[in-house]
Trainee: 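Next up is a structure, given as C-alpha cells.
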Amino acid sequence: MNDESQDLLRQLEQATSSGSVDRSTLDDETAMLRENWLALGRLLQSTEEIPQVEMPQAETLLLRTSVNVPQQSRRWVLGSVAAAVAACLAWFVWSATFSRNSHEEIIRGPEQQAPDQQIPEHDGLMDVAWDDDWDQSIYQTALSLQQFHDEQRRRDSSLNQLQSEFVEFAREVESGSL
Amino acid sequence: MSTASKQHTDEERVIRWVTEHGDAVRGYLVGLIRRQDVADDLVQEVYRRVWQARDRYAEQGSPRAYLIRVADRLAWDYFRRHQREVTLDEVGWEEVEPPDRNGSPSSPLIDSEAKSELAAALDLLTIAQRRVLLLRYYSEMSFEEIAAAMECPLSTALSHCRRGLLALRKIMSENHS
C-alpha cells in the first residue's frame, strides 16, 4: 500500500470511527467527512426507530427451518393429536347412538308416532312449526333407505344360502359320499 | 458436546442474533436496496441461510459482521438478478411503481420526513459508495474486510467511501441551512 492510500485509510478510519473522536485533532477535510458521517448515522438511526414491519419471530423462524423438532415438543404434539383423536371418537360414538334413535323415529313416520308423543294442536308450538313438506321428504328418504337395506339383506340371505350349499358340497367331496 | 445440547446452543445463538442484530441487518438491507418489501424478504433469507450453515459457523470476529456479510451477499445477488431495477432513478421508480398512498409496508422510503431525508441522502450515492458506507456503519468492519467482502482492492473501497462522504456534503449543508 502506498503512502497516499495509507493517509486515506487513516483519514477515513478517523472520520468513520464509531467511538468519540476529538475534533480538534482532525484536519478540516477529515472533520467535514466526520460531520457527514455522523449526519448519515443520525438519519439511519432515526429511520430505524420508526415502527416498521415486524421482525420475524426467532422461534417462528427456527420452527420453519428446523427439521429436528426437540423431543419434548414432539411429545407435546403427539399428546395433542391423541387428545384430538379421542375427542373425535367420543363424538362419533355419541352421534352414532343419537342418529340410531332418531333413525328409528324417522322410519316410523309422523303418522305412526304414539298418540302421547304427538304435539297438541293448540299448545302454541304449532304456530312456529315449519310450513313446508320437509318432514314428508325425510320420511320418503327414510323409506327408500329402508327398502335399500331390506334389498341388501335379501341378497345377503341368498348368498348365505349359496355359501352353506357350497360348504355342504365340499364336505361331501371330502367324505367321498358323492 | 451431545447432539441435543449442540442443537440447543445453535438455536439459542441464532435467536440471540435475531434479537441483537436484526435491526442492523434490516437497516443495512433497506439502506442498500431501498425497498422495504425486498429487504424484509432478504432478512428472512439471511437467518435461514445462517440457520442452515449453523454447523459450519466458527466463532471468529463479530457476529454482526458475519450477518451483514451474508446480507450483503444476498443483496448483491438480488442486484445481479434485478439489474434494471438498480439503474432506475427516482423518476423511473415513480413511473414503474407509483408511491402507495395508503402507506403500506411495501411503500418506498417516503412515508416520513426522516425517511425522505435518508432517501435523498442515499440518492446522492452510487451503489458502491452506499455499500461501503452502510457496511462500515452497520457491521463496523475494517476497510480491509469491507474490500474483501466487495471483492475489490482496498484503495477502491477507500475511494468509494471518501467520495460517498463528500457527496453527502450537499444534503448535509441543505439540512443545516
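Letters A, B, ... are given to chains in the order of the sequence lines, protein chains preceding strands, and every chain is numbered from 1.
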Trainee: Under a 4.5 Å side-chain heavy-atom rule over Ile, Leu, Val, Met, Phe, Trp and Tyr, are A:L38 and B:L165 clustered together?
Mentor: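 Both belong to a single hydrophobic cluster.
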Trainee: Rounded to the nearest 0.5 Å, how far does CH2 of A:W37 lie from CG of B:L133?
Mentor: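 Between atom CG of B:L133 and atom CH2 of A:W37 there are 6.0 Å.
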Trainee: State, yes or no, whether a side-chain contact exists between B:L122 and A:L43 at a heavy-atom distance under 4.5 Å.
Mentor: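 When only atoms from C-beta onward are counted, A:L43 and B:L122 do not touch, as no gap falls below 4.5 Å.
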Trainee: Distance check, rounded to the nearest 0.5 Å: B:C161 atom SG versus A:L33 atom CG?
Mentor: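 So the gap between those two atoms works out to 8.0 Å.
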Trainee: Between B:W76 and B:L67, is there shared hydrophobic-cluster membership here, with clusters defined by ILVMFWY side-chain heavy atoms closer than 4.5 Å?
Mentor: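 Yes; B:L67 is reachable from B:W76 via cluster members.
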Trainee: With a 4.5 angstrom heavy-atom cut-off, could you sort out which part of A:E4 is near chain B: side chain, backbone, both or neither?
Mentor: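 Nothing of A:E4, per the 4.5 Å heavy-atom cut-off to chain B.
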Trainee: For the CG atom on A:D150, are there more than 12 heavy atoms of other groups (residues, nucleotides or ligands in this structure) within a distance under 6.0 Å?
Mentor: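 Enclosed.
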Trainee: How far apart are the closest heavy atoms of B:L158 and A:S5, and which atoms are they?
Mentor: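 That would be CD1-O, 3.8 Å.
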Trainee: Please determine whether the number of non-hydrogen atoms from other residues, nucleotides or ligands lying under 6.0 Å from atom CD of A:E151 exceeds 12.
Mentor: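 Enclosed.
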Trainee: Using non-hydrogen atoms only, which part of A:T16 is less than 4.5 Å away from chain B: side chain, backbone, both, or neither?
Mentor: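 Contact with chain B: backbone and side chain both.
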Trainee: How close do B:E140 and A:S18 get, counting heavy atoms only, and between which atoms?
Mentor: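 Reported closest heavy-atom pair: OE2-CB, 3.9 Å.
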Trainee: Which region of B:L134, side chain (C-beta onward) or backbone (N, CA, C, O), has a non-hydrogen atom less than 4.5 Å from a non-hydrogen atom of chain A, or is it both or neither?
Mentor: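 Side chain only.
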Trainee: Atom CZ of A:R10 and atom CZ of B:F143: how far apart are they, to the nearest 0.5 Å?
Mentor: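 The distance works out to 13.5 Å.
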Trainee: Minimum heavy-atom separation for A:L9 to B:E144, with atom names?
Mentor: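 Heavy atoms only, the tightest pair is CD2-OE2, 3.8 Å.
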Trainee: Rounded to the nearest 0.5 Å, how far apart are CE of A:M32 and CG of B:L168?
Mentor: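 It is 10.5 Å, given to the nearest 0.5 Å.
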Trainee: Following the transitive rule for hydrophobic clusters with a side-chain heavy-atom cut-off under 4.5 Å over Ile, Leu, Val, Met, Phe, Trp and Tyr, establish whether A:L40 and A:L26 coincide in one cluster.
Mentor: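 Different clusters.
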Trainee: Using a cut-off of 6.0 Å, state whether more than 12 heavy atoms not belonging to A:Q152 lie near its atom CD.
Mentor: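 Counting other residues, nucleotides and ligands, CD of A:Q152 exceeds 12 neighbours.
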Trainee: Could you check whether atom CZ of B:R13 has more than 12 heavy atoms from other residues, nucleotides or ligands sitting under 6.0 Å from it?
Mentor: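 For B:R13, atom CZ is crowded (more than 12 foreign heavy atoms under 6.0 Å).
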